[in-house]
**Q** 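Got a structure for you, written out below as structure tokens; questions coming shortly.
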Amino acid sequence: MLKRELKINRKGLIIWTIVGLFLFSITYITYFNMDMSETSKSINDMLAVMPKEIIKMFNMDIVGIDTVFGWFKTEGYTFITLITCLYAAILGSNILLKEENDKTIEFLHSKPITRSNIVSSKIWSGLINIGIMFAILTLFNIIGMALSDNLQIKLLLMLCLAPMATAIPLFFVCMFISTFFDKTSKVNGIGIGLVFISYFLQLISSINDDVSFFKYFSLFTLSDGREIITNNSLNLASIIISLIIIIISVTGIYYKYNKKELV
Amino acid sequence: MLEIKKLTKYYKDILGIENLSISINRGEIFGFIGPNGAGKSTTIKCIMNQINSSSGEIYINKVINDKNDLKLKNMIGYLPDEVHLYDDLSVNEMLQYSNSFYKKDYSKRINYLVEKLNIDTTKKIEELSLGNLKKVGIVLAMMHEPKILILDEATSGLDPLVKETFYELLLEEKEKGTTIFFSSHNLSELKKICDRVGIVKDGHLIALDSIKELTNNHLQIITVMSKDISKISKELDQDIISQDKSTLKFIFKGDINNLIKQLYKYKIEKLLIEDPSIEEIFMHYYK
């Protein structure tokens, strides 16, 4: 069943990965062709008129964007986080529920396979797909940075992989939410909404101390780029919280799906 | 082989089926019939563990039907009323995928069924007509030599030739000792192949017997022609099939002599007494 699952999710993986690669390609091509002496001045002029809060939101107060790696540490990190998290959320929302939505669950459930087996195959397929996406984007960015003579491999690897701390919990949370529904159309909106609300909360929490508490309501806090750039290390607490969210969600998925009325 | 004990299912406050108890023997073809919304699909969904019953139990081979019991699942073949499969696969890929769930390789059996039902396995699932999809569904239900077949409106969408082939397959299965639970609206096919029939109405089992007994229950179709039809209709208060100014047709159960005594006081132009067709019998139960 896992083989079949990987096959049917291949198309989505390819599309989302191509979107990510395309965005990064545009950036690398732009930076490779830029005259940095002129561009640096333009960038500085632009930053001078931007509100401090916006500069802080995108970490441009601690990182310059006059190099491609500088860009990667600010907007690039936002790209990779949003793309992988949107993909994970949509995948989680659909991967299990699709069988009920398409009514193929009547066939699948009639086979000598338990509901837990079905869930496990879907989980492994989802994780493998997310892992492949991260691997491809990471490899691409390593090559891109190496070509730009900007390669700080340890920090780059952390920034490429840290969004997993948000993407994987999102995958499982959306999958758990899907166990309460019978149509994918209802859950897709919830998954996408969860990503954007979470991202928005994390963004505005960085404006000032008065609103910093919003970060506790956002899954994106678990992969906060600012902490990684400042400390040059991953946040262990974030990883532990991610794991806790994953364990709770997985338990919920197995429990709810085994009790669910499938038709 | 298949035992349903006091099965009850409520969808919130809406009754699906209540206190259904049926025992089906090994090698028996059991017909399950009723009007729309009677509880047939609810019963089947409970047998297949697709939904949770409110109360009651289902036993297969004297073992409680647990959704996680793979040994029991291996014994069951299921054909839903609407067959939904994976559009991206060809028929052959779909059958091989189904085969992959079993420890034993059923390729030989698949080939036999495919040939018998004349299925083009090169076509994509999405290209199939409803009838051809149903044929694939039949193969999927029967390929692993199940001990129990659960068939929900199995012949809907099949042309007459394919139906005949399907009945042959069912009788082959019966010979092998397979227990078949057959839900249908088609009365003539129930008469053709079923050993016993259960009739459900409004969530309750209202009759359960062999076809022979159900059709031999002293029901008769009476047609009366008279100028006093409205008075006759009022007095007799029977299960009316049709009525106009001069003719009354109804189902009568009881002593025909009593009926004749009641009709004696009226001027009867014509009186016809017939054995009911199976359709008329079931309509009597449906009402």
**Q** Please determine if B:Asp88 and A:Arg4 form a salt bridge, counting it only when a charged side-chain N lies under 4.0 Å from a carboxylate O.
**A**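 Yes, B:Asp88 and A:Arg4 are salt-bridged.
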
**Q** Examine the side chains of B:Ser98 and A:Lys111 and answer whether a donor and an acceptor come within less than 3.5 Å of each other.
**A**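 Judged by distance alone, the side chains do pair up.
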
**Q** Looking at side-chain heavy atoms only, is the closest gap between A:Asn117 and B:Phe101 below 4.5 Å?
**A**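 A:Asn117 does not reach B:Phe101 side chain to side chain.
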
**Q** Within a reach of under 6.0 Å around NZ of B:Lys163, are more than 12 heavy atoms found that belong to other residues, nucleotides or ligands?
**A**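 For B:Lys163, atom NZ is crowded (more than 12 foreign heavy atoms under 6.0 Å).
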
**Q** Around atom CZ of A:Phe213, are there more than 12 heavy atoms of other residues, nucleotides or ligands at under 6.0 Å?
**A**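 Yes, the 6.0 Å shell around CZ holds more than 12 heavy atoms from other groups.
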
**Q** Show the nearest heavy-atom pair for residues B:Leu89 and A:Lys7, with the distance to one decimal.
**A**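 Minimum heavy-atom separation between B:Leu89 and A:Lys7: CD2-NZ, 4.1 Å.
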
**Q** So which heavy atom on B:Gln50 is nearest to which on A:Val263, and how close?
**A**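 Nearest pair, atom of B:Gln50 first, then A:Val263: OE1-CG2, 3.5 Å.
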
**Q** Quick check for you: to the nearest 0.5 Å, what is the distance between A:Ser110 atom OG and B:Leu79 atom CG?
**A**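 Result: 10.0 Å between the selected atoms.
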
**Q** What part of A:Lys3 is in contact with chain B, defined as an atom under 4.5 angstrom from a non-hydrogen atom: side chain, backbone, both or neither?
**A**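 Neither part, no heavy atoms under 4.5 Å.
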
**Q** To the nearest 0.5 Å, how far apart are SG in B:Cys46 and CD in A:Glu261?
**A**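 Answer for the SG-CD pair, B:Cys46 versus A:Glu261, is 8.0 Å.
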
**Q** Looking at every heavy atom in both B:Leu70 and A:Pro112, which two are closest together, and how far apart are they?
**A**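 The pair with the smallest heavy-atom distance is CD2-C, 3.5 Å.
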
**Q** For A:Asp102 and B:His84, work out which heavy atoms get closest and say how close.
**A**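 Of all heavy-atom pairs spanning A:Asp102 and B:His84, the closest is O-CB, 3.6 Å.
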
**Q** Nearest 0.5 Å, what's the CE-OG1 distance between B:Met94 and A:Thr104?
**A**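 Between atom CE of B:Met94 and atom OG1 of A:Thr104 there are 8.0 Å.
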
**Q** Non-hydrogen atoms of chain B under 4.5 Å away: do they reach the side chain of A:Ile8, the backbone, both or neither?
**A**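 Only the side chain of A:Ile8 comes within 4.5 Å of chain B.
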
**Q** Would you say CD1 of B:Ile14 has more than 12 non-hydrogen atoms from neighbouring residues, nucleotides or ligands within 6.0 angstrom?
**A**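 12 or below, so no.
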
**Q** Apply side-chain contact (heavy atoms from CB on, under 4.5 Å) to residues A:His109 and B:Lys73 and explain how you reach the verdict.
**A** CA-CA 9 Å; A:His109 197 251; B:Lys73 282 192 133 186; 3.9 Å; yes

**Q** Looking at CG of B:Leu85 and CD of A:Glu106, how far apart are the two atoms once the value is rounded to the nearest 0.5 Å?
**A**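 It comes to 10.0 Å.
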
**Q** Considering residues, nucleotides and ligands other than B:Tyr11, do more than 12 of their heavy atoms fall under 6.0 Å from its OH?
**A**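 Yes, OH of B:Tyr11 has more than 12 neighbouring heavy atoms, counting only those of other groups under 6.0 Å.
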
**Q** I need the B:Asn52 CG to A:Asn258 CG distance, nearest 0.5 Å.
**A**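 So the gap between those two atoms works out to 10.0 Å.
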
**Q** With side-chain contact (heavy atoms from CB on, under 4.5 Å) as the test, would you mind laying out the steps for B:Val83 and A:Phe107 before giving the verdict?
**A** CA-CA 8 Å; B:Val83 177; A:Phe107 157 77; over 6 Å; no

**Q** Between A:Glu99 and B:Tyr86, is the side chain to side chain donor-acceptor pair (under 3.5 Å) condition met? List the steps.
**A** CA-CA 9 Å; A:Glu99 300 282 355; B:Tyr86 302 110; 2.8 Å; yes

**Q** Check whether B:Asn49 gets within reach of chain A through its side chain, its backbone, both or neither, counting any heavy atom under 4.5 Å.
**A**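 The answer is both parts of B:Asn49.
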
**Q** Tell me if the OH atom of B:Tyr102 is crowded by more than 12 foreign heavy atoms within 6.0 Å.
**A**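 For B:Tyr102, atom OH is crowded (more than 12 foreign heavy atoms under 6.0 Å).
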
